[in-house]
Amino acid sequence: MKEIDVTVIFANLLDNAIDACEETLGNKFIHICIDQIHEFIVIAISNSTKEFKDIEKSSKPGHAGLGLKNVAQNVRSLWRKYAGDI
């Protein structure tokens with residue numbers, strides 16, 4: 001994968017995690033776990049957040065983004081680009 005493709009996904013996920021933590025009251029955290037399983041690198045990002053019901057739209061007031069749905073679409077697009085159809 002090209003570095004720019006990986007950077008776009010990570011930047012979006014980390015930006016979302018930071019924004020969610022800013023809105024959270026109490027314990028704020030961002031955990032990033034990186035592991036290797038055979039030839040694959042697996043990365044998990046979790047964060048504190050307020051409860052929300054719709055992951056298909058941004059929870060940011062006045063923000064027209066698509067939130068996590070946008071990240072998922074980018075990952076699928078990159079998968080097809082580098083590995084073929086899903």
(message) Looking at every heavy atom in both Glu22 and Lys28, which two are closest together, and how far apart are they?
(response) O-NZ, 3.6 Å
(message) Are there over 12 heavy-atom neighbours, none belonging to Phe40, within less than 6.0 Å of that residue's CZ?
(response) no
(request) Output the distance between atom CG (Asn47) and atom OG1 (Thr24), rounded to the nearest 0.5 Å. (result) 7.0 Å
(message) Is any side-chain heavy atom of Ile30 closer than 4.5 Å to one of Cys21?
(response) yes
(request) Test side chain to side chain contact (heavy atoms under 4.5 Å, CB included) on Phe10 and Ile45 and set out the steps. (result) CA-CA 9 Å; Phe10 277 109; Ile45 300 173; 4.2 Å; yes
(message) Using a 6.0 Å cut-off, check whether atom CD of Gln36 has over 12 heavy atoms from anything other than its own residue.
(response) yes
(message) In this structure, would Val8 and Ile32 fall into the same cluster of hydrophobic residues linked by side-chain contacts under 4.5 Å?
(response) no
(request) Hey, could you give me the CG/OG distance between Leu25 and Ser48, rounded to the nearest 0.5 Å? (result) 10.0 Å
(request) Check whether Val42 and Leu13 end up in the same hydrophobic cluster, where Ile, Leu, Val, Met, Phe, Trp and Tyr are linked by side-chain heavy atoms less than 4.5 Å apart. (result) no
(request) Decide yes or no for Asp15 and Asp19: does some side-chain heavy atom of the first lie under 4.5 Å from some side-chain heavy atom of the second? (result) yes
(request) Indicate, with yes or no, if Val75 and Ile4 share a hydrophobic cluster defined by side-chain heavy-atom contacts under 4.5 Å among Ile, Leu, Val, Met, Phe, Trp and Tyr. (result) no
